[in-house]
Trainee: 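Handing you this structure, nothing more for now.
One-based numbering, in listed order, for ligands and for the atoms of each. What you are looking at is a predicted structure, and each value in this text was computed from that prediction instead of being measured.
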Amino acid sequence: MQRIPVRAPSGNYLVCCGRGICARVGPLVEGLGDADRIFLLSSPRVWARWGQTVAKSFRGAAPEILFDDRESSKNLGTVERICRALAKAGADRRTLLVAIGGGVVGDVAGFVAASYQRGVGLVHVPTTLLAQIDSAIGGKTGVNLPEGKNLVGAFYQPQLVVSDPETLRTLSARQYRAGLYEAIKYGVLGDAGLFRFVEHRMPELLRRDSTAVGRVVARCVRIKAEIVRRDERERGLRESLNLGHTIGHALEAATNYRRFLHGEAVGWGMLGATLISVGLGRLDEREAGRIARLIARVGPLPPLRGISPGRLLRIMRRDKKSRASRIGWVMPRGIGRVELQVAVPEALVAKALRELPRLYEQARERP
Ligand SMILES: NC(=O)c1ccc[n+]([C@@H]2O[C@H](COP(=O)([O-])OP(=O)(O)OC[C@H]3O[C@@H](n4cnc5c(N)ncnc54)[C@H](O)[C@@H]3O)[C@@H](O)[C@H]2O)c1
Ligand SMILES: [Zn+2]
């Protein structure tokens with residue numbers, strides 16, 4: 001088992017990673033020592049696969065509260081239902097919630113933990129690749145409003161994260177691959193060694209070999225932990241995690257969040273940022289080629305068909321307006337290095353968007 005410390009200004013905790021560790025959640029949580037009552041929060045789907053393994057590891061009672069983990073259920077209604085279930089069960093301030101699931105379960109349960117009785121204990125047991133390398137670490141929690149995603153939330157750090165690569169075996173192939181794009185993102189933004197590892201071990205990673213996956217997860221967690229330590233509230237450095245997300249978010253919005261999984265949209269977004277960076281003369285063509293080929297090897301991305309560059313630009317402009325600032329792009333400068341707050345002429349963005357499908361096809365043909 002690897003123990004990776006996260007030292008966030010608002011709280012320190014460990015991320016424990018290891019094969020089979022989800023059968024040891026109970027002792028790890030009970031070892032934290034200060035909770036009177038423990039509740040397990042999960043979704044029916046995740047619970048059917050992993051619930052019993054986790055539940056059986058507790059010595060004392062740890063009843064479950066299950067809720068739907070579709071993105072459309074990540075809302076205040078679900079938060080209210082969970083809070084009421086807690087209140088009815090007599091949960092008080094010395095309660096601890098264990099969130100078992102992907103990013104939706106983690107974001108909802110995290111927000112419940114931040115707000116129920118003004119804050120109760122929280123442990124994450126992330127069961128998707130995206131949750132293990134991203135959403136379970138760093139303390140961002142929240143839910144959606146009809147007006148937009150993640151508009152209501154809180155920064156709230158867990159007391160512990162327990163991450164088991166074995167849980168990823170039951171994930172759909174598409175969900176798993178979507179997480180791999182975010183893993184590549186960490187390589188590009190800050191760890192050339194991780195990028196090389198993914199290049200060399202792609203076949204094992206695609207097979208979900210737990211040793212290879214475990215190494216990638218641990219590397220990504222370390223990078224995120226370091227970023228969160230230095231910039232918990234996203235005032236600067238944490239922005240680097242948004243590599244590929246400017247175009248990615250626009251793609252998700254343009255298709256009403258139906259065509260792309262988040263990681264897939266980020267895959268396209270990183271290809272776009274790579275093209276733009278070459279266009280700005282900030283990224284060497286050879287490195288750009290490596291990034292494009294690695295993204296292409298993860299598997300097929302849903303096509304961009306029918307999404308015009310003009311539409312994407314309008315969405316990006318709208319997002320920028322709502323933040324009352326210009327778009328500050330995260331630009332790859334080389335594998336393992338990014339530059340923040342780069343201004344990019346719109347004509348160059350449009351050109352990159354037009355060229356994206358061709359770049360992707362080329363990269364798929366030359367693995
Ligand atoms: N808080 C953050 O910092 C942060 C960061 C990134 C993303 N997010 C949020 O995370 C959410 C996406 O999370 P996600 O990608 O983990 O997807 P998800 O939570 O939507 O889960 C995807 C699907 O996989 C299922 N699932 C989960 N674990 C499984 C397992 N082990 N076996 C079988 N099925 C399993 C779920 O039931 C669901 O159907 C979004 O709402 C996004 O906004 C939050
Ligand atoms: Zn993301």
Side-chain angles (χ1 to χ4, degrees), residues 6 8 22 41-51 53-54 66-75 78 99-111 113-114 122 124-144 148-158 161 163-186 189 208 210 213 220-221 224 227-228 232-234 238-249 251-253 257 260-270 330:
V6 183
C22 76
L41 269 52
S42 189
S43 73
R45 186 198 293 258
V46 176
W47 188 259
R49 288 163 176 83
W50 298 101
T53 311
V54 177
L66 303 186
F67 55 95
D68 184 36
D69 65 359
R70 268 172 292 196
E71 186 69 32
S72 56
S73 296
K74 188 176 137 178
N75 56 34
T78 303
I100 308 157
V104 170
V105 166
D107 279 10
V108 171
F111 186 58
L122 172 67
H124 281 302
V125 181
T127 62
T128 63
L129 183 52
L130 179 126
Q132 293 189 355
I133 66 179
D134 190 3
S135 62
I137 301 130
K140 278 194 189 175
T141 73
V143 296
N144 307 326
K149 257 178 74 77
N150 299 324
L151 288 183
V152 179
F155 281 98
Y156 197 69
Q157 301 293 346
V161 180
S163 201
D164 183 348
E166 294 286 339
T167 59
L168 306 180
R169 292 192 167 281
T170 55
L171 210 52
S172 76
R174 204 178 151 198
Q175 288 285 355
Y176 175 75
R177 289 199 317 260
L180 280 180
Y181 296 109
E182 294 268 11
I184 293 173
K185 178 192 81 175
Y186 282 102
L189 74 86
R208 307 186 207 185
S210 35
V213 181
C220 295
V221 169
K224 182 141 188 196
I227 291 174
V228 169
E232 186 179 22
R233 302 244 158 182
E234 196 164 331
R238 194 165 175 167
E239 274 173 30
S240 59
L241 296 169
N242 293 336
L243 172 64
H245 283 58
T246 306
I247 292 173
H249 284 148
L251 285 171
E252 290 182 281
Y257 297 88
F260 306 98
L261 296 178
H262 173 72
E264 293 171 338
V266 171
W268 276 120
M270 279 192 290
V330 184

Trainee: Among all the protein's non-hydrogen atoms, which is closest to atom 7 (C) of ligand 1, and how far away is it?
Mentor: L130 CD2, 3.7 Å
Trainee: Counting each atom of ligand 1 from 1 as listed, which ones have a heavy atom of G102 under 4.0 Å away?
Mentor: 16 (O), 19 (O)
Trainee: Calculate, to the nearest 0.5 Å, the distance between atoms NZ and SG belonging to K185 and C220 respectively.
Mentor: 9.0 Å
Trainee: Geometry only, no angles: is V46 polar-contacting ligand 1 at N/O separations under 3.5 Å?
Mentor: no
Trainee: With a 4.0 Å cut-off on heavy atoms, does R49 reach ligand 1?
Mentor: yes
Trainee: Starting from atom 6 (C) of ligand 1, what is the nearest protein heavy atom, named by residue and atom, and what distance separates them?
Mentor: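 The closest heavy atom on the protein side is D134 OD2, 3.6 Å.
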Trainee: Tell me, which protein residue and heavy-atom name are nearest atom 35 (C) of ligand 1, and how many Å apart are they?
Mentor: L171 CD1, 3.5 Å
Trainee: Of all the non-hydrogen atoms in the protein, which one sits nearest to atom 5 (C) of ligand 1, and at what distance?
Mentor: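 In this structure, atom 5 (C) of ligand 1 has S135 CB, 3.5 Å as its nearest protein heavy atom.
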Trainee: Between atom CZ of R177 and atom CD of E182, what is the distance when rounded to the nearest 0.5 Å?
Mentor: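 So the CZ of R177 and the CD of E182 are separated by 15.0 Å.
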Trainee: Quickly, which of K140, R233, Q157, E234 forms a side chain to side chain contact (heavy atoms under 4.5 Å, CB included) with V228? Name it, please.
Mentor: Q157
Trainee: Is there any N or O on T141 that sits under 3.5 Å from an N or O of ligand 1?
Mentor: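 No.
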Trainee: Is there side-chain contact between L189 and I227, with heavy atoms separated by less than 4.5 Å?
Mentor: yes
Trainee: Among protein heavy atoms, which lies nearest atom 9 (C) of ligand 1, and at what distance?
Mentor: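 In this structure, atom 9 (C) of ligand 1 has D107 OD2, 3.3 Å as its nearest protein heavy atom.
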Trainee: Show me which atoms of ligand 1 lie under 4.0 Å from any heavy atom of W50.
Mentor: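 Listed by number with element, the hits are 31 (N).
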Trainee: Run the numbers for me: atoms of ligand 1, each under 4.0 Å from some heavy atom of N150, listed by number.
Mentor: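 Those qualifying, in numeric order: 43 (O).
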Trainee: Just by distance, do the side chain of Q132 and the backbone of D164 share a donor-acceptor pair under 3.5 Å?
Mentor: yes
Trainee: For T128, counting its heavy atoms only, list the atoms of ligand 1 lying under 4.0 Å from any of them.
Mentor: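 Atoms satisfying the 4.0 Å criterion: 14 (P), 16 (O), 21 (O), 27 (C), 28 (N).
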Trainee: Which atoms of ligand 1 sit under 4.0 Å from any heavy atom of Q175?
Mentor: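 Heavy-atom distances to Q175 below 4.0 Å select 22 (C), 23 (C).
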Trainee: Where is the nearest protein heavy atom to atom 37 (O) of ligand 1: which residue, which atom, and how far?
Mentor: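 Ranking protein heavy atoms by distance from atom 37 (O) of ligand 1, first comes D69 OD2, 2.6 Å.
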Trainee: Out of E252, R238, K74, K140, who gets a non-hydrogen atom closest to atom 1 (N) of ligand 1?
Mentor: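 Selected option, by shortest heavy-atom distance: K140.
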Trainee: Does G103, backbone or side chain, put an N or O under 3.5 Å from an N or O of ligand 1?
Mentor: yes
Trainee: Between K149 and E252, does any side-chain N to carboxylate O distance fall below 4.0 Å?
Mentor: no
Trainee: Taking S73 as the fixed residue, which of D68, N144, T78 is the one that meets the side chain to side chain donor-acceptor pair (under 3.5 Å) rule?
Mentor: D68
Trainee: So, W50 and S42: side-chain donor and acceptor under 3.5 Å apart, yes or no?
Mentor: no
Trainee: Going from OG1 on T128 to NE2 on H262, what distance comes out if it is rounded to the nearest 0.5 angstrom?
Mentor: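 The OG1 atom of T128 sits 11.0 Å away from the NE2 atom of H262.
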Trainee: Would you mind running through ligand 1 and noting each atom that sits below 4.0 Å from a heavy atom of R45?
Mentor: 25 (C), 34 (N), 36 (C), 37 (O), 39 (O)
Trainee: Note the single closest protein heavy atom to atom 20 (O) of ligand 1, along with its residue, its atom name and the distance in Å.
Mentor: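 Here the closest protein heavy atom is V104 CG2, 3.5 Å.
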Trainee: Check this for me - ligand 1, K149, N or O atoms closer than 3.5 angstrom, yes or no?
Mentor: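 Yes, at least one N or O pair falls under 3.5 Å.
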Trainee: At what distance is the nearest protein heavy atom to atom 40 (C) of ligand 1, and which residue and atom is it?
Mentor: E71 OE1, 3.3 Å
Trainee: For the Zn ion (ligand 2), state how many protein N, O or S atoms fall inside a distance shorter than 2.8 Å.
Mentor: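 For the Zn ion (ligand 2), protein nitrogen, oxygen or sulfur atoms under 2.8 Å: 3.
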